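Notes follow the structure.
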Amino acid sequence: QVQLVESGGGLVQAGGSLRLSCAASATTFSLYVMGWFRQAPGKEREFVAGISWGSSRLSYADSVKGRFTISRGNAKNTVSLQMNSLKPEDTAVYYCALRRANEVNPLASVYDYWGQGTQVTVSS
């Protein structure tokens, strides 16, 4: 069973930075997309960023472009999200997700596996 484990959340002041990491285990397949979503209280889960298997295709939500950077490890089963210039509106639970296809897609429903989530809180 594929498991995704996130780390790196926490509390930071506005303007600060955090780095989230996610590792996928028990992946017996390849050519999959990894992505990050977030969900704030009372809101729907939203796409943050996604990266293809070979890291050639990246996608970001407009709200994080220029501030967040997604990257994938050489072993392909890890993904990181570097978050800079954080704003209070970035406060949410952040989820790592894996899609068993090699097309980045912003729809949460097409992702097959999810991590447990990590809290990011940005204070003003």
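Counting begins at 1 with the first residue of the sequence. Given the structure is predicted, the values throughout are model-derived calculations rather than measurements.
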May I ask you to test the Lys76-Ser30 pair for a side-chain heavy-atom distance under 4.5 Å? no

Parallel, tilted or perpendicular: ring planes of Phe29 versus Tyr113, cut at 30 and 60 degrees: parallel

Contacts satisfying salt bridge (Lys or Arg N to Asp or Glu O under 4.0 Å) that involve residues 46-56 (not counting sequence neighbours) are Arg38-Glu46

Main-chain N/O of Ile70 paired to Tyr60 side chain as donor or acceptor, under 3.5 Å: yes

Does Val120 share a hydrophobic cluster with Phe37, counting links as ILVMFWY side-chain heavy atoms below 4.5 Å and allowing steps through other members? no

Donor-acceptor pair, side chain of Thr91 and main chain of Pro88, under 3.5 angstrom: yes

Got Leu4 and Leu98 here, is their nearest side-chain heavy-atom distance under 4.5 Å? yes

Is a side-chain donor or acceptor of Arg72 paired with a backbone partner of Ser52 at a separation under 3.5 angstrom? yes

Does a salt bridge link Asp62 with Lys65, judged by any charged N lying under 4.0 Å from a carboxylate O? yes

Under 3.5 Å donor-acceptor, Gln39 side chain and Glu44 backbone: no

Centre of Tyr32's six-membered ring, under 6.0 Å away, within 45 degrees of the axis: is that where NZ or CZ of Arg99 sits? no

For Asp112 and Arg100, indicate whether the former's side chain and the latter's backbone hold a donor-acceptor pair under 3.5 Å. yes

Would the distance check show the side chain of Ser59 and the main-chain N or O of Val104 forming a donor-acceptor pair, the cut-off being under 3.5 Å? no

Checking side chain to side chain contact (heavy atoms under 4.5 Å, CB included) between Ser17 and each of Arg67, Met83, Gln82, which is the one that passes? Gln82

Quick check against the 3.5 Å criterion: does Arg57 have a side-chain atom that pairs as donor or acceptor with the backbone of Asn102? yes

